[in-house]
Amino acid sequence: MKFAAFNARCPYELGDRITGTDGQGHTITDIVALHSMKTMTVRFVYELDGNGKLVALIPEPQEGAGT
């Protein structure tokens with residue numbers, strides 16, 4: 001098994017309010033960081049309004065530091 005580390009900054013915090021593409025307001029209730037060993041990138045996906053579904057608010061991944 002390989003060891004990996006990443007350093008990425010999420011642009012949102014739990015409880016932040018955002019406006020969706022539907023024009024309605026939503027609250028961020030969970031944040032998940034997806035780290036790719038292959039591409040060495042980190043992507044954030046978000047749960048909105050506690051509905052259990054994860055959505056991408058910023059489609060492009062951030063560069064991460066990995067070893």
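Here Phe44 contributes atom CZ and Leu57 contributes atom CG; the two are 11.5 Å apart, rounded to the nearest 0.5 Å. The distance from the NE2 atom of His35 to the CZ atom of Arg43 is 13.0 Å, given to the nearest 0.5 Å.
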Side-chain atoms of residues 26-33: list all donor-acceptor pairs with protein atoms under 3.5 Å, sequence neighbours left out, distances to 0.1 Å.
residue	atom	partner	partner atom	Å
His26	ND1	Asp49	OD2	2.6
His26	NE2	Asp22	OD1	3.4
His26	NE2	Asp22	OD2	3.4
Thr27	OG1	Arg17	NH1	2.6
Thr29	OG1	Glu47	O	3.2
Thr29	OG1	Glu47	OE1	2.7
Thr29	OG1	Gly50	N	2.9

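Leu48 and Tyr12 fall within the same hydrophobic cluster, where Ile, Leu, Val, Met, Phe, Trp and Tyr residues are linked whenever their side-chain heavy atoms come under 4.5 Å apart, directly or through other members. Leu14 and Ile18 fall within the same hydrophobic cluster, where Ile, Leu, Val, Met, Phe, Trp and Tyr residues are linked whenever their side-chain heavy atoms come under 4.5 Å apart, directly or through other members. Tracing side-chain contacts under 4.5 Å through hydrophobic residues (I, L, V, M, F, W, Y), one never reaches Val45 starting from Met40; they form parts of separate clusters.
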Using side chain to side chain contact (heavy atoms under 4.5 Å, CB included), reason through Leu34 and Val42 one step at a time and then give a plain yes or no. CA-CA 5 Å; Leu34 299 173; Val42 177; over 6 Å; no
